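Worksheet: the structure to be examined is printed underneath.
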2 protein chains.
Amino acid sequence: MKPVRIGLLGLGTVGGGTVNVLARNREEIARRAGRAIEVVQAAVRDPGKARICGTGGIALCGDPVEVVDNPDIEIVVEVIGGTGIARELVLRAIGNRKHVVTANKALIALHGNEVFAAAHEKGVTVAFESAVAGGIPIIKAIREGLAGNRIDRIAGIVNGTSNYILSEMREHRRGFDDVLGEAQRLGYAEEDPSFDVEGVDAAHKLTILAAIAFGIPLQFSRVHTEGIAGLHLEDIAHAEQLGYRIRHLGIAWRRPGGVELRVHPTLVPRRHLLASVDGVMNAVLVHADAVGSTLYYGAGAGAEPTASAVVADLVDVVRALTTDPENRVPHLAFQPDAMSELGVLDRDEAGSAWYLRMTAADRPGVLAEIATVLGEAGISIEAVVQPEPPRGAHFAKLVMLTHTVSEGRMRDALGRVERLDVVDGEVVALRVEHLEDCPA
Amino acid sequence: MKPVRIGLLGLGTVGGGTVNVLARNREEIARRAGRAIEVVQAAVRDPGKARICGTGGIALCGDPVEVVDNPDIEIVVEVIGGTGIARELVLRAIGNRKHVVTANKALIALHGNEVFAAAHEKGVTVAFESAVAGGIPIIKAIREGLAGNRIDRIAGIVNGTSNYILSEMREHRRGFDDVLGEAQRLGYAEEDPSFDVEGVDAAHKLTILAAIAFGIPLQFSRVHTEGIAGLHLEDIAHAEQLGYRIRHLGIAWRRPGGVELRVHPTLVPRRHLLASVDGVMNAVLVHADAVGSTLYYGAGAGAEPTASAVVADLVDVVRALTTDPENRVPHLAFQPDAMSELGVLDRDEAGSAWYLRMTAADRPGVLAEIATVLGEAGISIEAVVQPEPPRGAHFAKLVMLTHTVSEGRMRDALGRVERLDVVDGEVVALRVEHLEDCPA
C-alpha cells in the first residue's frame, strides 16, 4: 500500500525529532500502522539553517500555506508553536479536510474549543498527545484508558524546567537565579524563561488535562497560576526537615461545587512517588473512582520524547485511515501479517548482575579461593560484605554482588563454587537489575 | 440512541465490579462512548449466591452458551477465567460475530494466537486491557501510546500478591510462610497461591507484554519463570544493607540475538521508582528508543481496578461501533454534545494545607498570639518548628504546617498575622498536598 504522506509546519527541535524517529523506525512504524508514513514537505523559516535531521526527500518551502494547501498531503503536523500563525494554519488545514497532529499546548489550551469544533464539522482528527507531558501517553490514558471512571483529581509535574530547577536547588543547595542561569546555558530553559518559571506552560497543560478528565470545555483563563520564580532555598530545606519535598504541581480537583484548577509550588510528602520525580522528568498522578490512583512517568520534553507522542498520534490517524474500525488497533500492536521473526533467547543466554550469599569457612584465603573460581569463569565481583560471624563459629556468611554475566556462565560457576571444600551448602543466587536507561 | 447490550460470562469479583462501575458511572460512560452500555444477561454457576453487585435488569442464566448465542447481545465480557470452557466460549462468541472483552491472562497468553486469528477472520475485536496489571492502561500505552518507538525493554511488577508478600517481609521482618498465611486470610492471596508465588501469573502477563512490545507471537512456554516462594528474609535484609530492594519482576529485553523473557525475584536499586512500589500495587517500566524510560503505576488487581480496564475496553469497542473512524475517540474525551456544566471554582474556594514561614519577636507569648489569630480564622496548626535564632537576636524564625483550609480564609488570616506587631515582614506561604487517595 502507498505510504501516507505528511507535511510539517516547522522543522526545529520537535519537527526534526519527528523526522528522525519516522526515518529510524520506519519499518517498525509501518508494521504497526498498516502503512508507511512519509514526510514529503516541510515549511521552514530559513532553508539554509543547520538541522538535527536529514532533509533528503523532503521538499522544503518558505510558505507554510503551501503545505496546508498541498493536495498530496493527508496529515499536517504543526510544530511551529504559538497562537498566531499556528492557529490560522491549523484551521486552514482542517478546512482542507486534512488531519492535524499538533504539539502546541498554547494553541489547544487557548483555541482548542474553536479548533475541535472545526475538525468535527469537517470530519477530521486533531491529535495533541505531544502537547502535554511530552512522551508520556497521558492524553490517551485519561481519554481512553480510564474511560470507565469518574475522575476525581489530577496532580502533575508537567513542566520539566521547573522540576529541574527545584531538584538542583534541593540537591546542591543552590539559589534559584544561580540554577536558572545554568539551565539556560544547558538548554533546559529558554532565553525568556517566564512561560516555564511563572507557571504559564504548566497552566496550558493543566487546562487540557482538566478538560479531558472532567468533560468540561477548555478554560485556561480560570487557572490560578503561580510559578517557582522567587522560591527560597531555605523553604526547600525546612520542607525537607518536615518530611516534605517541594514540587511544582498542576492540580485539577473535582470538588462538590465545581472544579479547582491551580498551578503552584507544593509541598508533597517525601515518601510519595511524585517526590521521587527528579530533574527534567514529568509525572502525572490521576485519582479516579474505580481504578484508584494511577501514575504516569516519563520525559516531558526534548526532541525525541516529544516526537514519540507526535508519531503515536500519526499512527492513530493512519490506523483509522487504513483498517476497518474493529481492527483499527491490531490486537497485538503490530499488523497480523507483520509479526517479527525475533526469537526468544535460551535461558542460559540471559544476562544480569547477581547477588550471591554463601556460608564459607572463616579463615584466611577463603575469599581468594572463591574469587578465583568466579574470575576463571569471567565473573567480576562488584562488592563483598562479610557480616560478623557468631563468636567461635568456624563458618562465616559471605554476601557479594557481581557485574553482569550470562546465566549459563553463572550457573556453571556456582556449581564449581558449591563443590569447593571451604563452601558449606548451597549458594543463594538472586538477580540484580540496575534498570538504567538502555543504550540507545 | 439505543444502549449497547452486553452479556457477562461470570459474575464474581471482576464481573460484579464491572456491573457496579457500569451502573455507578452510567451517565459519564455514555457521554464518553456515545451510547449507554447495558448488561442484559449474565451466566452464573449459582444463581442464588450472594453477589457484590445488584442484578436488577440482568437475566441470570446457568448456561453460558445462552449468552454467547443471544442475538440481542453485541459484546460478550468473559470473566470466568481458565483456559478450558473460557476458550470455547470466546471462540463461539467470535464465531457469532460478537466482540469480546476478556480479563483472562491465561487464555490470552496460551491461546491468544488462535483467538486473534479467529477474531480477524470474523472482523470483530477481542480486547484484553484488564488481563495485564489490572487498572493500569498498559496495553494501550504500549500498543498505541508508544507506537512510534522501538521498544527495548519492559520490567514490571505485575503480580500484586507477590509484591504484597515482599513488602510485608521487608517492612515487618516476617517470614514468607507467615505473610502468605496472612495474605490468604485477608483475601490478597488465593487458597492455592501457586500461580502467584511461583510466578506463573506474572509469566502470563509478561508473555502478553512482550508480544505487543516487540511484535512477536505469544510464547508463554519460552518464559523462564521463578517465583518468590522460598525467598529468605535474611536476603531481603542484606539487599537493603547493600542499597537494594527485592522485587518480583517480569523482564522482557530485546538483545542482539533475540528476546529475553524471564520472571524472578530481583534486586533493584533502592532509589529506583520500582523500589518504591509497595503492597499490592503494580508498576511497569518501559524503555524505548525515542521516549526513553516511562513508568505506569496503579492497582493491579481487585474488583473495581480490573473493572476499570474492562469498561475502558467496552468504551473502545462502542466508540468504534458508534462514530465515524476519524472521531472514534472524541477530541476532549467526552462526546462534543455531552460536555459537563461543572464550573471552575473561584480561587478563594480552593482548599489545601499550608506551610507558613515568618519572622517573629523572640519572646514568650508570641506563638500564642499568632496561633490565636489563625484559630479565630478556623485554621488549625498541625506542626510548629522554631529553628534556633542567632545568639542575641530579638527575632526568631517560625515554621508551621496547617490543616486544610480554603484559600480565601488563609489569605485573610495571613493579612491579620502580618499586621501583628510581633511579626516582621511578609509570611511565606506554600501549599501542602498529601496526595492521599481521594474519598471514593
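Not measured: the values here are computed from a predicted model.
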Let me know if [X] has heavy atoms under 4.5 Å from chain A in its side chain, its backbone, both or neither.
X        : answer
B:Ala213 : backbone
B:Val126 : both
B:Ala350 : both
B:Leu401 : side chain
B:Val268 : both
B:Leu242 : side chain
B:Arg247 : neither
B:Asn113 : side chain
B:Arg255 : side chain

- Query: If you draw the axis of the six-membered ring of B:Phe214, does the NZ or CZ of B:Arg143 fall within 45° of it and under 6.0 Å from the ring centre?
  - Reply: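 Ring-cation test returns no.
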For chain A, find which of [options] contributes the most heavy-atom pairs closer than 4.5 angstrom.
options                                : answer
B:Leu273, B:Leu22, B:Asp346            : B:Leu273
B:Arg431, B:Glu234, B:Glu304           : B:Arg431
B:Gln241, B:Arg271, B:Arg24            : B:Arg24
B:Val344, B:Leu285, B:Val432           : B:Val344
B:Ile136, B:Leu430, B:Val291, B:Ile208 : B:Val291
B:Ala288, B:Ala252, B:Gly351, B:Gly298 : B:Gly351

For the residue pair [X] and [Y], establish whether any side-chain heavy-atom pair is separated by less than 4.5 Å.
X        : Y        : answer
B:Glu144 : A:Asp316 : yes
A:Val317 : A:Asp313 : no
A:Leu345 : B:Leu261 : no
B:Ile216 : B:Gln219 : yes

- Message: Set out, in order, the CA-CA distance, both residues' side-chain angles and the distance that settles side chain to side chain contact (heavy atoms under 4.5 Å, CB included) for B:Thr266 and B:Ile246, then state yes or no.
- Response: CA-CA 5 Å; B:Thr266 315; B:Ile246 297 183; over 6 Å; no
Under a 4.5 Å heavy-atom cut-off, does chain B meet the side chain of [X], its backbone, both or neither?
X        : result
A:Glu129 : neither
A:Arg357 : side chain
A:Tyr296 : both
A:Ile251 : side chain
A:Ile139 : neither
A:Glu349 : backbone
A:Val385 : side chain
A:Asn149 : both
A:Arg150 : both
A:Ala307 : neither
A:Leu231 : side chain

- Message: side chain to side chain contact (heavy atoms under 4.5 Å, CB included), that's the test. Do B:Asp152 and B:Trp253 meet it? Break it down for me.
- Response: CA-CA 6 Å; B:Asp152 304 309; B:Trp253 200 326; 5.6 Å; no
- Give a yes or no answer on whether the side chain of A:His99 reaches the backbone of A:Thr125 with a donor-acceptor pair at less than 3.5 Å.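 Confirmed, A:His99 side chain pairs with A:Thr125 backbone.
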- When you measure from the side chain of A:Arg319 to the backbone N and O of A:Arg32, does any donor-acceptor pair fall under 3.5 Å?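 Yes; at least one donor-acceptor contact below 3.5 Å.
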- Task: Mind listing the closest non-hydrogen atom pair of A:His232 and B:Val428 along with its distance?
- Result: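 Between these two residues, the closest heavy atoms are CD2-CG2, 4.4 Å.
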- Please step through ring pair (Phe, Tyr, Trp, His ring centres under 6.0 Å) for the pair A:Tyr244 and B:His434, ending with a clear verdict. CA-CA 9 Å; A:Tyr244 293 84; B:His434 291 88; 5.8 Å; yes
- Does the pair A:Tyr355 and A:Met400 meet the rule for a side chain to side chain contact (heavy atoms under 4.5 Å, CB included), with working shown? CA-CA 6 Å; A:Tyr355 158 101; A:Met400 51 180 73; over 6 Å; no
- Largest heavy-atom contact set with chain B, pairs under 4.5 Å, which of A:Ala353, A:Ser308, A:Ala155: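 Highest number of pairs under 4.5 Å: A:Ser308.
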- Heavy atoms only, distances under 4.5 angstrom: which of A:Val311, A:Leu267, A:Leu314 has the most pairs with chain B? Name it, please.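 Top count of heavy-atom pairs under 4.5 Å with chain B: A:Leu267.
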- Message: Rounded at 0.5 Å granularity, tell me how far CD1 in A:Ile108 sits from CG in A:Leu218.
- Response: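 One finds 7.5 Å between CD1 of A:Ile108 and CG of A:Leu218.
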- Taking atom types as modelled and ignoring hydrogens, do the side chains of B:His224 and B:Arg262 form a donor-acceptor contact shorter than 3.5 angstrom?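 Their side chains do not contain a donor-acceptor pair, so the 3.5 Å distance test is not met.
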